[in-house]
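Because the structure is a prediction, the values reported are computed rather than measured. Chain letters run A, B, ... following the sequence lines, proteins first and then strands; every chain starts at 1.
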2 protein chains.
Amino acid sequence: MFTLSEENYLKAIYHLELGNDGGVSTNAIAEKLATKASSVTDMVKKLSEKEVVLYKKYKGVTLTILGKTVAANVVRKHRLWEVFLVEKLNFSWHEVHEVAEQLEHIKSAKLINQLDRFLGFPTHDPHGDPIPDKDGNLKIVEKSLLSTLSKNESGICIGVDDSSSEFLQFLDKKGITLGKKITILDKEDFDDSLSISIGDKKLSISNKIASNLYIRAHTGQ
Amino acid sequence: MFTLSEENYLKAIYHLELGNDGGVSTNAIAEKLATKASSVTDMVKKLSEKEVVLYKKYKGVTLTILGKTVAANVVRKHRLWEVFLVEKLNFSWHEVHEVAEQLEHIKSAKLINQLDRFLGFPTHDPHGDPIPDKDGNLKIVEKSLLSTLSKNESGICIGVDDSSSEFLQFLDKKGITLGKKITILDKEDFDDSLSISIGDKKLSISNKIASNLYIRAHTGQ
DNA sequence: ATAAATTTTTAGACAAGTCTAAAAATAATA
DNA sequence: TATTATTTTTAGACTTGTCTAAAAATTTAT
């Protein structure tokens, strides 16, 4: 069994490994968890003894198979709870993270299995991130940034890159939500801003926004 | 804000105060929390400084108004989560406690308010215990032990006294659940066992069982 | 390739919460 | 009311997870 703190370290390493393949540095973990490098070293030694990470002094850490499974399970719980909060309790995008950070540590296999069933076995959380299955595997969906589409192309909004509270609130305000079809009406050359249609509305968004929105290819009409 | 441990102490004192009115003893708290008297003394001093309990050396403790509010709120969360687990996730009586012990410590006012609404503002948990409202007040329902009813009297099953896992599983097996109407068909003098009807079934139960089941007066037909 | 900058680790300290063992206070009993 | 017995508190120690400051290793740059 793992403590709350151990689970948070495993989760951080898990997320960092998805970005950079290869070992994860002490400093990177420290920054992600808003703690000090010395604390990371201490914890990493403990995790190494528990055989959830591989660790060589000064060489960074890697999750073992066991470690990856534990971490993916925490992520699974986090994202399932986010779905619950949004779909059943009317939370909005930007409100779920803080609460899910707590709920992800509740220990009960039955709880999470039943929650999964209750929610209809969702595959993605409200931010569009995939929910690992019971074995920790992710279903990969081909996705592109909205900014890479050309004029008259369209796709379904499936997630965000920057999931900061400000950005999510901005999207809420503009009516940009998951599952909506977005079509590029026009691209301005001088600042790369876009005219798009979403639902029955038309609006103009900056390139910065378009570079933070993930789109899945739109099949069928 | 209170730590998990502080919340557990406050909850224990809250439950103990409902039984014995007057101060709660150090040993009673230690027994309830399966810890040592010396640990209780330490914690009680801290709670006293935080002004949630009144404490005089060797004289036991009492919750302050603030302490009672905090404790009742933890109990409220515990019982709302129990309702959720039973009604939405198909847990049975005896499985909910352990998980609710964890969920009761999640901190989010919005979460618990929305959960309350989602569940339809329940007034009692699956064991028949009342759920404190937002201000920590309990709705008191007149209740009697099944063993105190006379022949041909009837009432609605609203709770248990002994909520041990074994007892709850026994009730499940016999089909005795909350909200069911129970009528006393006969009482045996020599061992005080009862013949009862519940739903459309008839069964015989010992006095020990009847002394652990709470009944509310049955109004209407 | 050697010096400087950065990263990582070690060493020692601290707070929270717990424990054991012994001392102090209270309660029970003869 | 003395004298046990019980309860409660104190004192000191331990664990987990964290921190600061300094030392060691690694990387970067000259």
(request) Select one nucleotide: of D:dC19, C:dT18, D:dT8, the one nearest the side-chain heavy atoms of B:Ser5. (result)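 Between D:dC19, C:dT18, D:dT8, the one nearest the side chain of B:Ser5 would be C:dT18.
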(message) Starting the side chain at C-beta, find the nucleotide from C:dC19, C:dT26, C:dT9 nearest to A:Thr26.
(response)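 The nucleotide sitting nearest to the side chain is C:dT9.
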[X] has an atom [atom1]; how far is it from atom [atom2] of [N], in whole Å?
X	N	atom1	atom2	value
A:Lys59	D:dT27	NZ	C1'	10 Å
B:Met1	C:dA16	CE	P	16 Å
A:Met43	D:dT18	CE	C1'	10 Å
B:Asp42	D:dT9	CG	C1'	9 Å
A:Lys56	D:dA25	NZ	C1'	15 Å
B:Asn8	C:dA16	CG	P	17 Å

Is the side chain of [X] donor-acceptor paired with the backbone N or O of [Y] at a distance under 3.5 Å, no angle test?
X	Y	value
A:Lys143	A:Cys157	no
A:Lys88	B:Phe118	no
A:Glu6	A:Thr3	yes
A:Thr35	A:Glu31	no

Does [N] have OP1 or OP2 under 4.0 Å away from a side-chain N or O of [X]?
X	N	value
B:Lys45	D:dT10	yes
A:Tyr9	D:dT18	yes
A:Lys36	D:dT20	yes
A:Asn27	C:dT6	no
B:Thr3	C:dA16	no
B:Tyr58	D:dT6	no
B:Tyr55	D:dT8	no
A:Thr41	C:dT10	no
B:Lys57	C:dT26	no
A:Ser39	D:dC19	yes

(request) Tell me which of A:Glu6 and B:Val24 sits closer to the 5' end of DNA chain D, going by the nucleotide each one is nearest to. (result)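 Nearest-nucleotide comparison on DNA chain D picks B:Val24.
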(request) Spell out yes or no: do the side chain of A:Ser38 and the base of C:dT8 have one donor N/O and one acceptor N/O closer than 3.5 Å? (result)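 In this structure, the two groups form no donor-acceptor pair.
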(message) Looking at every heavy atom in both A:Lys32 and A:Ala12, which two are closest together, and how far apart are they?
(response)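 What the structure gives for the nearest pair is CG-CB, 4.0 Å.
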